[in-house]
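Naming: A, B, ... by sequence-line order, numbering from 1 per chain.
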Amino acid sequence: MSPSNKISEKNKDFFDQVYQVVRLIPEGKVSSYGAIARYLGSARGARMVGWAMNACMNRSDVPAHRVVNRLGILSGKMHFITPETMEERLKTEGIIVENDKIQSFDEVYWDPAIELEL
DNA sequence: CCGTTGACGCCAT
DNA sequence: TATGGCGCCAACG
């Protein structure tokens, strides 16, 4: 039906699930790729979440800046409009970022498996 | 088809 | 906490 699909429909479904979870991240909070992947049932699909973020970069409805790696490091900042965009957006939401790393990460960390708790 | 790359994570040191 | 090595999975050339 869509021979020119950029990604397989199976993956498209996975991407959509990722976007849905990311949208649920409240302001001032952040989550990690691994937590999202795990919540979706792909414990080893953390890298796929990152790939999904790259595809969602065009969408404004997905706060990709609220997704960091498990160490709280802004590993994806280079993929935004400018390398500063991600850090600036997080600071705007009250998150302290220093040297490309989130401070008090345990306090702003938001885990879907716990917050959504289902 | 094969080798490399990458917005990751876990384990060992 | 920091660094290095290994594993996973999909996309790319």
| request: Using the heavy-atom set of chain A and a strict 4.0 Å cut-off, write down the first and last nucleotide of DNA chain B that makes it in, 5' to 3'. | output: B:dG6 to B:dC10
| task | Starting from P on C:dA11, measure out to CE on A:M48 and report it in whole angstrom. | result | 8 Å
| task | Mind checking A:G34 for me? I need base, sugar-phosphate or nothing, with any heavy atom below 4.0 Å counting as a touch. | result | sugar-phosphate
| task | Report the residues that fulfil salt bridge (Lys or Arg N to Asp or Glu O under 4.0 Å) with A:K77, sequence neighbours left out, ordered by chain and then residue number. | result | A:D100
| query | Using a heavy-atom distance cut-off of less than 4.0 Å, which residues of residues 72-89 of chain A contact DNA chain B? | reply | A:S75, A:G76, A:H79, A:F80
| Under 3.5 Å, is there a donor-acceptor pair between the A:D16 and A:Q20 side chains? | no
| Over 12 non-hydrogen atoms of neighbours within 6.0 angstrom of CD in A:Q103 | yes
| request: Apply the side chain to side chain contact (heavy atoms under 4.5 Å, CB included) test between A:Y33 and each candidate in A:R47, A:M53, A:R38, A:M48; give the one that qualifies. | output: A:M53
| Just by modelled atom types, is the A:A52 backbone N or O under 3.5 Å from a matching donor or acceptor in the A:Y19 side chain? | yes
| message | Under 4.0 Å, heavy atoms only, any strand: does A:N54 hit a base, just the sugar-phosphate, or nothing? | response | base
| Test side-chain contact (heavy atoms from CB on, under 4.5 Å) applied to A:V30 and A:I25, step by step | CA-CA 7 Å; A:V30 296; A:I25 303 177; 5.6 Å; no
| query | Which part of the nucleic acid, if any, lies within reach of A:A64 when heavy atoms closer than 4.0 Å are counted: base, sugar-phosphate only, or nothing? | reply | base
| Does the distance from a Lys or Arg side-chain N to an Asp or Glu carboxylate O, for A:K29 and A:E93, drop under 4.0 Å? | no
| Residues that A:E88 engages under salt bridge (Lys or Arg N to Asp or Glu O under 4.0 Å), provided they are two or more places apart | none
| query | Mind checking whether A:Y109 and A:F105 have parallel, tilted or perpendicular rings, split at 30° and 60°? | reply | tilted
Give each protein N/O atom lying under 3.5 Å from an N/O atom of nucleotides 2-6 of chain C, with the pair distance.
none

| Partners meeting side chain to side chain contact (heavy atoms under 4.5 Å, CB included) with A:T85 (sequence neighbours left out) | A:F80, A:I81, A:T82, A:R89
